[in-house]
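First comes the structure, then the notes that go with it.
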Amino acid sequence: MASQKPSIPKGTRDFSPVEMSRRNFIFETTRRVFKKYGFLPIETPAMENLSTLLGKYGEEGDKLLFRILNSGDFLRGIGNSEVEHASPAALASKITSRGLRYDLTVPFARYVVQHRNEINFPFRRYQIQPVWRADNPQKGRYREFYQCDADMIGSDALVNEFELVKIIDEVFSELGLKVTVRINNRKILAGISEVIGEKEKIVDITVAIDKLEKIGIGKVKEELLSKGISQASLDKLDPVFVMHGDNEQKLDQLESYLASSQTGMQGIAEIRKMLEYLQTDPVSAGVALDITLARGLNYYTGAIIEVKSDEVQIGSICGGGRYDDLTGIFGMPGISGVGISFGADRIYDVLLQLERFPASAEEHTQLLFVNFGEEAVKYILPMLGKLRSAGVRAELYPDQARMKKQMTFANQSGIPFVALVGENEISAQQVTLKNMETGDQQLLGFDTLLTILRSQLS
RNA sequence: GUGGAUGUAGCUCAGUUUGGUUAGAGCGCUGGAUUGUGGUUCCAGAGGUCGCCGGUUCAAGUCCGGUCUUCCACCCCA
């Protein structure tokens with residue numbers, strides 16, 4: 001039988017032990033901070049019904065959903081002419097009824113509605129699970145990646161937004177990364193479109209403004225014109241492009257610009273409040289108001305938050321915002337939520353590029369017993385048990401291989417200590433401990449061995 | 001979904017322009033020098049249907065078509 005070349009689907013990855021240790025470092029750090037702020041864990045299924053997913057992420061998002069082919073006779077009831085003439089999208093909806101989750105926020109909204117009677121509101125939950133998007137892979141973009149989400153639902157107080165910024169600051173400082181937190185408010189964007197008289201075009205306007213930094217004023221205007229925004233409206237937009245200064249100065253400029261929009265003024269008030277809270281307990285990361293920050297997810301209604309690395313050029317490594325009515329779609333209106341999502345895979349890429357993973361992220365075996373044969377094995381096993389009980393990560397080389405081979409194994413596995421127990425040691429009731437880094441070795445009793453290991457490995 | 005690059009040994013890559021016996025290097029791997037000592041050194045060795053499918057040719061890693069992967073950009077986003 002011809003062997004086939006093994007492979008994995010486009011945009012997915014395997015993770016080796018070293019990579020897993022490092023990924024766990026990121027997951028454990030975020031989890032620790034989430035817990036500290038009172039968030040509780042939940043998990044949801046990898047797949048959701050398409051009715052839950054569709055229409056929540058905009059037209060583009062719908063296209064990026066991985067759909068799962070129905071089981072059984074999925075073509076039943078579909079005629080030949082339908083197969084030939086129906087649009088691919090229409091056909092897809094006939095043969096698929098479930099899809100892989102695209103993010104953790106929408107499944108969470110579904111969860112909240114479905115479990116509303118068990119939940120004690122306001123509810124803080126965290127969730128660390130993979131999501132899937134049928135996007136074209138490239139740098140910092142994968143088809144399967146982890147999100148680490150923290151959301152608070154059932155409260156519209158702005159302290160929640162403040163706390164999210166605190167969490168962001170704490171996670172990234174524990175990871176040793178310098179970041180800038182950019183904030184904005186959807187109500188300000190709504191106010192802008194109201195003021196220029198294109199209220200219903202808010203999505204097109206925000207998407208275009210979002211690109212300002214990347215493509216410049218000229219191209220942004222071009223795009224807006226092509227979306228059917230009038231030249232007169234565009235002229236009214238000009239002051240937005242030239243706003244500058246620190247957060248306070250920008251807010252002052254916005255205040256006079258948005259004076260006629262109640263929604264816009266509310267957005268400004270919300271940002272002000274957030275910044276006030278941050279003054280009482282400042283964070284070390286930069287927090288900057290950026291009115292070009294839009295974010296495509298159309299369920300956001302209030303605060304918008306995005307975090308970028310100051311040191312590595314990559315997409316956003318954390319993002320989030322407030323959504324006032326995500327649960328309304330599932331029949332539970334009037335519940336406001338706000339949350340953030342850490343992109344573990346991009347954070348990994350940043351830490352890797354900066355070589356910022358701490359040595360403590362390694363999870364190597366700490367002590368290897370060299371195997372000198374059956375008699376030695378029986379002598380070693382109880383010691384191995386005691387060491388493990390004492391918290392030392394220890395293993396015995398399973399076969400009586402040549403010593404050179406066993407030493408090479410320890411060296412290449414990054415095991416810092418090797419214990420040699422042969423005839424000499426057994427008769428002396430001792431163990432030879434070798435430090436692989438320095439090459440030093442000494443003959444010790446078990447208690448001394450444990451004391452030394454504890455002091456060296458802590 | 002659109003556009004550009006890429007694929008040769010386990011890894012990083014030469015070789016492809018101008019088709020021509022047996023496809024190379026470094027690192028890694030295996031064995032030995034060194035039968036209770038790894039990381040240095042020296043010696044020897046193994047390892048490749050040149051991404052896959054098809055075409056042109058006496059002859060294809062090299063030319064042509066298709067396809068897939070990875071990377072980059074757009075779109076969008078973590």
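Within the 4.5 Å cutoff, the side chain of A/I304 has no heavy atoms near those of the A/I183 side chain.
Rounded to the nearest Å, the gap between the P atom of B/G51 and that of B/C58 is 25 Å. Nucleotides B/G48 and B/G1 place their P atoms 37 Å apart, quoted to the nearest Å. Distance noted for atom P between B/U6 and B/G65: 14 Å (whole Å). Here the separation of B/G10 from B/C52, taken at their P atoms, is 13 Å to the nearest Å. Rounded to a whole angstrom, the distance from the P atom of B/G47 to that of B/A9 is 15 Å. Comparing the C1' positions of B/G61 and B/G24 gives a spacing of 12 Å, expressed to the nearest Å. A gap of 15 Å separates the C1' atoms of B/A14 and B/G7, to the nearest Å. Rounded to whole Å, the separation between the C1' atoms of B/A73 and B/U62 comes to 30 Å.
Among the nucleotides B/U37, B/C77, B/C76, the one closest to the side chain of A/R133 is B/C77. In the set B/C76, B/U37, B/A73, B/A73 carries the atom at the smallest distance from any side-chain atom of A/K139. Considering only side-chain atoms of A/L420, the nucleotide from B/G38, B/G36, B/C77 that sits closest is B/G36. Which of B/G38, B/G36, B/C76 sits closest to the side chain of A/M403 comes down to B/G36. Nearest nucleotide to the A/F145 side chain, out of B/A78, B/G38, B/U37: B/A78.
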Give every donor-acceptor pair under 3.5 Å between a side-chain atom in residues 351-359 of chain A and any protein atom, sequence neighbours left out.
from   : atom 1 : to     : atom 2 : distance (Å)
A/R356 : NH1    : A/G176 : O      : 2.8
A/R356 : NH1    : A/E311 : OE2    : 3.3
A/R356 : NH2    : A/E311 : OE2    : 2.9

Going by atom type alone, with no hydrogens or angles, which donor-acceptor pairs under 3.5 Å involve a side-chain atom of residues 401-408 of chain A and a protein atom two or more places apart or on another chain?
from   : atom 1 : to     : atom 2 : distance (Å)
A/Q406 : OE1    : A/N371 : N      : 2.7
A/Q406 : NE2    : A/N371 : O      : 3.0
A/Q406 : NE2    : A/A401 : O      : 2.8
A/T408 : OG1    : A/K404 : O      : 2.7

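Closest non-hydrogen pair, A/C318 versus A/I340, comes out as SG-CB, 4.3 Å.
When heavy atoms are screened at a 4.0 angstrom cut-off, A/G439 is found touching base atoms of the nucleic acid. When heavy atoms are screened at a 4.0 angstrom cut-off, A/I317 is found touching the sugar-phosphate backbone but no base atom. Looking at heavy-atom distances under 4.0 Å, A/G140 makes contact with a base. Within 4.0 Å of A/E306, counting heavy atoms only, lies no atom of the nucleic acid at all. Within the 4.0 angstrom heavy-atom criterion, base atoms lie near A/Y142.
Taking the ring centroids of A/F39 and A/Y126, they lie at or beyond the 6.0 Å cut-off. Side-chain rings of A/F369 and A/Y397 stay apart, their centers remaining 6.0 Å or farther from each other. Taking the centre of each ring, A/F342 and A/F172 come in below the 6.0 Å mark.
Figure legend: A/K434 and A/F417 shown without cation-pi pairing, the cationic atom not lying both under 6.0 angstrom from the six-membered ring centre and within 45 degrees of its axis. Figure legend: A/R133 and A/Y102 shown as a cation-pi pair, the cationic atom lying under 6.0 angstrom from the six-membered ring centre and within 45 degrees of its axis. A/R13 forms a cation-pi arrangement with A/Y142, by the criterion of a distance under 6.0 Å to the ring centre and an angle within 45° of the ring axis. For A/R23 and A/F15, the positive end sits near the middle of the six-membered ring, less than 6.0 Å away and at most 45° from its axis. Taking the ring centre of A/Y300 as origin, the terminal cationic atom of A/R322 falls outside the region bounded by 6.0 Å and 45° from the ring axis.
No side-chain N or O of A/R454 forms a donor-acceptor pair with one of A/Q456 less than 3.5 Å apart.
A residue-by-residue look at A/E223 and A/E437 shows that A/E437 has its nearest nucleotide of RNA chain B further toward the 5' end. The residue among A/T438 and A/Q147 whose nearest nucleotide of RNA chain B is located toward the 5' end is A/T438.
Remark: P of B/A78 and CD1 of A/I305 are 13 Å apart, rounded to the nearest angstrom. Rounding to whole angstrom units, CG of residue A/N411 and C1' of B/U40 are separated by 12 Å. Following rounding to the nearest Å, A/L64 (CG) and B/A78 (P) show an atom-to-atom distance of 11 Å. If you take CZ of A/F409 and P of B/G28, they are 19 Å apart, rounded to a whole angstrom.
The phosphate of B/C76 (OP1 or OP2) has a side-chain N or O of A/K211 nearer than 4.0 angstrom. Distances shorter than 4.0 Å separate some side-chain N or O of A/Q138 from OP1 or OP2 on B/A73.
Stacking of the aromatic ring of A/F342 onto the base of B/A78 is not found under the criterion of centres within 5.5 Å and planes under 30°.
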**Message:** Assess the residue pair A/D290 and A/R182 against the criterion (salt bridge (Lys or Arg N to Asp or Glu O under 4.0 Å)); give the C-alpha distance rounded to whole Å, side-chain angles, the decisive distance to 0.1 Å, and a yes or no.
**Reply:** CA-CA 6 Å; A/D290 182 351; A/R182 296 195 294 152; 2.4 Å; yes
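The stretch residues 38-49 of chain A does not touch RNA chain B, since none of its heavy atoms comes less than 4.0 Å from the strand. Non-hydrogen atoms lying under 4.0 Å from RNA chain B are contributed by A/K10, A/G11, all within residues 8-24 of chain A.
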Look for any protein N or O under 3.5 Å of an N or O in nucleotides 29-34 of chain B and output each such pair with its distance, or none.
from  : atom 1 : to     : atom 2 : distance (Å)
B/C29 : OP1    : A/Q412 : NE2    : 2.6

Enumerate the protein-to-nucleotides 2-6 of chain B contacts in which both atoms are nitrogen or oxygen and the separation is below 3.5 Å.
from : atom 1 : to     : atom 2 : distance (Å)
B/U2 : O4     : A/N136 : ND2    : 3.1

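The residue from A/T292, A/L212, A/D210 that alone fulfils the side-chain contact (heavy atoms from CB on, under 4.5 Å) condition with A/V220 is A/L212.
A/R101 has no carboxylate O lying under 4.0 Å from a charged side-chain N of A/E48, or vice versa, which leaves the two without a salt bridge.
Between the side chain of A/R67 and the backbone N or O of A/R98 there is no donor-acceptor pair closer than 3.5 Å.
Under the Watson-Crick and G-U wobble criteria, each requiring two contacts below 3.5 Å, nucleotide B/C71 is paired to B/G4. The partner of B/C13 is B/G24, judged by Watson-Crick or G-U wobble contacts that both fall below 3.5 Å. Shown here, B/U35 forms no base pair; nothing in the strands shown gives a Watson-Crick or G-U wobble contact with both key distances under 3.5 Å. Nucleotide B/U30 is matched to B/A44 when pairs are restricted to Watson-Crick or G-U wobble geometry with both distances under 3.5 angstrom.
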